[in-house]
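Computed from a predicted structure; not experimentally measured. Note on naming: letters A, B, ... go to the chains in the order of the sequence lines (proteins, then strands), and numbering restarts at 1 for each one.
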Amino acid sequence: MKITTWNVNSLTARLQHVLDWVAANPVDVLCLQELKLTDDKFPLEAIREAGYPHCAVFGQKTYNGVAILSRTPLRDIAKNIAGFEDEHSRVIAATVEAPQGDLRVINGYFVNGQAPGSEKFAYKMSWLGGLNAYVCEELRQHPRLVLLGDFNIAPEDRDSWDPDGLRDTIHHTREEREHFQRLLGLGLCDSFRLFEQPEKSFSWWDYRMLGYQKNRGLRIDHILVSEPLRAHVKGCGIDRVPRKWKQPSDHAPVTVEI
DNA sequence: ATGACGCATCGAATGCGA
């Protein structure tokens, strides 16, 4: 079973890229972030025709918005973090029917946080606290769990193109990295690091200053798997191909095979 | 460099992303 996370930076602007990508990469589950559209604008028909009849959508106007697209049925769909009040549409969870055993999938568009010390950074910290408690409880109920999405955290120095120049800036702070480690501490593991990967592997590149062409990027899109799944993970990789297409998302899709 | 690029918004200049 292949599961992908992709921050598309507006599904309206990126629908054709998504359709082209799944035509070439027929993954079983596609988790999207930054839909930037309301539920009524979600292109259900086009997505269904592309092979994904089962969709859990949690949209929002202009900003945020997440969705899980699946070839197999979804159940127990939950939106946002239970017990954490949030005006943003940032999390959607669903149980995915899978032949080797159902999987709980939690798809998140983590808070960006702008800059350490800012109000948005404080929101990021409190949001991450809420998420940790939520994932802890979900793990209790669903041992076979995948937490994936745009984490907006570069977990280690090797996940940044300029770890020294960007030290303690957003995505690189000790506080953010501690939150990432806390998630691992719940019994999750970073599926990307289960395998040998090329150096300077990133999942996001700035649109400005030829960021992609110079490979000035960050690895901030992650797929964490719970302990019972760990031994079954067959691979994890970043697909840079759609980042080279015309008018791309600034993020690349990341796929795990379980 | 309060930049750059791209997307969204009752329609232009601004907020936001990372």
Side-chain angles (χ1 to χ4, degrees), chain A residues 5-21 31-43 57-67 86-91 107-125 127-128 131 148-177 179-180 192 200-222 238 240 242-254:
Chain A
T5 176
W6 194 5
N7 179 325
V8 291
N9 185 18
S10 167
L11 185 56
T12 307
R14 224 67 63 202
L15 178 60
Q16 195 55 51
H17 280 199
V18 170
L19 298 176
D20 291 346
W21 191 82
C31 297
L32 303 176
Q33 303 91 35
E34 283 209 82
L35 305 178
K36 296 187 175 181
L37 49 73
T38 47
D39 290 9
D40 56 300
K41 301 266 172 58
F42 188 86
V57 181
F58 186 29
Q60 185 180 330
K61 191 177 180 180
T62 312
Y63 302 117
N64 312 307
V66 285
D86 199 348
E87 291 179 3
H88 296 171
S89 303
R90 293 188 173 277
V91 180
N107 172 26
Y109 173 47
F110 291 38
V111 177
N112 175 315
Q114 197 171 57
S118 68
E119 217 167 279
K120 286 173 182 168
F121 190 80
Y123 166 48
K124 183 174 196 171
M125 291 300 109
W127 189 93
L128 285 165
L131 180 78
L148 83 183
D150 175 0
F151 282 54
N152 273 316
I153 300 173
E156 299 177 40
D157 279 357
R158 60 178 167 165
D159 299 313
S160 173
W161 69 277
D162 186 15
D164 295 316
L166 294 171
R167 194 162 302 285
D168 299 326
T169 64
I170 198 67
H171 305 119
H172 301 70
T173 67
R174 181 180 51 77
E175 295 98 311
E176 292 165 282
R177 287 175 170 179
H179 268 292
F180 189 85
F192 189 75
K200 301 185 193 304
S201 283
F202 306 127
S203 66
W204 170 88
W205 301 262
D206 203 308
Y207 284 124
R208 299 166 291 186
M209 296 290 289
L210 300 171
Y212 180 74
Q213 288 84 341
K214 296 178 177 173
N215 196 30
R216 294 182 171 180
L218 305 174
R219 191 177 72 92
I220 53 177
D221 300 272
H222 308 297
I238 299 167
R240 295 163 56 128
R243 188 62 176 79
K244 300 171 192 162
W245 293 345
K246 260 182 76 176
Q247 294 180 292
S249 166
D250 41 0
H251 294 255
V254 184

Task: From Gln33(A) atom CD to Asn9(A) atom CG, the distance as rounded to the nearest 0.5 Å - done: 11.5 Å
TODO: Examine distances only and state if a side-chain atom of Asn107(A) and a backbone atom of Ala67(A) form a donor-acceptor pair shorter than 3.5 Å.
DONE: yes
Task: Interatomic distance, His88(A) NE2 vs dG17(B) C1' [rounded to whole Å] - done: 12 Å
Task: Asp221(A), Leu148(A), Val18(A) screened by side-chain contact (heavy atoms from CB on, under 4.5 Å) with Trp6(A), the one that passes - done: Val18(A)
Task: Atom NZ of Lys214(A): over 12 foreign heavy atoms under 6.0 Å - done: yes
- [ ] State whether a side-chain donor-acceptor pair under 3.5 Å links Ser249(A) with His17(A).
- [x] no
TODO: Consider the side chain of Lys61(A), meaning its heavy atoms from C-beta on, and name the nucleotide among dC10(B), dA18(B), dC7(B) that approaches it most closely.
DONE: dC10(B)
Open item on the list: Quick check on dA18(B): is either OP1 or OP2 less than 4.0 Å from any side-chain nitrogen or oxygen of Asn7(A)?
Closed with: yes
TODO: Quickly work out the Asn152(A) CG to dC16(B) P distance and round it to whole Å.
DONE: 15 Å
Task: Nearest-angstrom distance, P atom, dA18(B) to dG6(B) - done: 16 Å
Open item on the list: Rounded to whole Å, how long is the line connecting atom CG of Leu15(A) with atom P of dC7(B)?
Closed with: 14 Å
Task: N-O pairing of Asp250(A) and Arg208(A) below 4.0 Å - done: no
Task: dC10(B) and dT14(B), which share atom name C1', separated by this distance in whole Å - done: 14 Å
TODO: Using the C1' atom as the reference point in each nucleotide, state the distance between dA4(B) and dG17(B) in Å, no decimals.
DONE: 14 Å
Open item on the list: Any donor-acceptor pair, under 3.5 Å, between the side chain of Asn112(A) and the base of dA18(B), if you only look at N and O atoms?
Closed with: yes
Open item on the list: Between Asn9(A) and dG6(B), is there a contact of a side-chain N or O with OP1 or OP2 at under 4.0 Å?
Closed with: no
Open item on the list: Measure CG/Leu218(A) against P/dG17(B) and give the value in whole Å, please.
Closed with: 15 Å
TODO: Select base, sugar-phosphate, or nothing to describe what Gln114(A) touches, counting heavy atoms under 4.0 Å on all strands.
DONE: nothing
Task: Spacing of the P atoms in dT2(B) and dC7(B) (rounded, Å) - done: 25 Å
- [ ] For Arg90(A) and dC16(B), give me the distance from atom CZ to atom P, rounded to whole Å.
- [x] 12 Å
Task: ring-ring contact (aromatic ring centres under 6.0 Å, His included) partner of His222(A), chosen from Phe151(A), Phe192(A), Trp204(A) - done: Phe151(A)
Open item on the list: Looking at Tyr207(A) and Pro248(A), would you say the former's side chain and the latter's main chain have a donor-acceptor pair under 3.5 Å?
Closed with: yes
Open item on the list: Classify Asp150(A) by what it touches in the nucleic acid, base, sugar-phosphate, or nothing, heavy-atom distance under 4.0 Å.
Closed with: sugar-phosphate
Task: Within residues 200-215 of chain A, residues whose heavy atoms come under 4.0 Å of DNA chain B - done: Trp204(A), Tyr207(A), Arg208(A), Met209(A)
Task: Distance below 4.0 Å between Lys36(A) side-chain N/O and dT9(B) OP1 or OP2 - done: no
- [ ] Mind calculating the distance between OH (Tyr123(A)) and P (dA18(B)) to the nearest angstrom?
- [x] 12 Å
Task: Gln247(A) atom CD, over 12 foreign heavy atoms within 6.0 Å - done: no
Open item on the list: Taking only the P atom of each, what is the distance from dG3(B) to dG15(B) in whole angstrom?
Closed with: 12 Å
Open item on the list: Please report the distance, rounded to the nearest Å, between CD in Gln60(A) and P in dG15(B).
Closed with: 18 Å
Open item on the list: When you measure from the side-chain N and O atoms of His251(A) to the phosphate of dA18(B), is any distance below 4.0 Å, counting only OP1 and OP2?
Closed with: yes
- [ ] Looking at every strand, decide which applies to Lys124(A) at a 4.0 Å heavy-atom threshold: base, sugar-phosphate, or nothing.
- [x] nothing
Task: Asp221(A) CG to dA18(B) C1', straight-line distance once rounded to whole Å - done: 11 Å
Task: Phosphate-side-chain proximity, Tyr109(A) and dC16(B), N/O vs OP1/OP2 below 4.0 Å - done: no
Task: 5' precedence on DNA chain B between Arg14(A) and Asp250(A) (nearest-nucleotide basis) - done: Arg14(A)
- [ ] Looking only at side-chain atoms of Gln247(A), point me to the closest of dC7(B), dA18(B), dA8(B).
- [x] dC7(B)
Task: Of Pro248(A) and Tyr63(A), the one whose closest DNA chain B nucleotide lies more 5' - done: Pro248(A)
Task: Side chain of Thr62(A) (C-beta onward), nearest among dA18(B), dG15(B), dA8(B) - done: dA8(B)
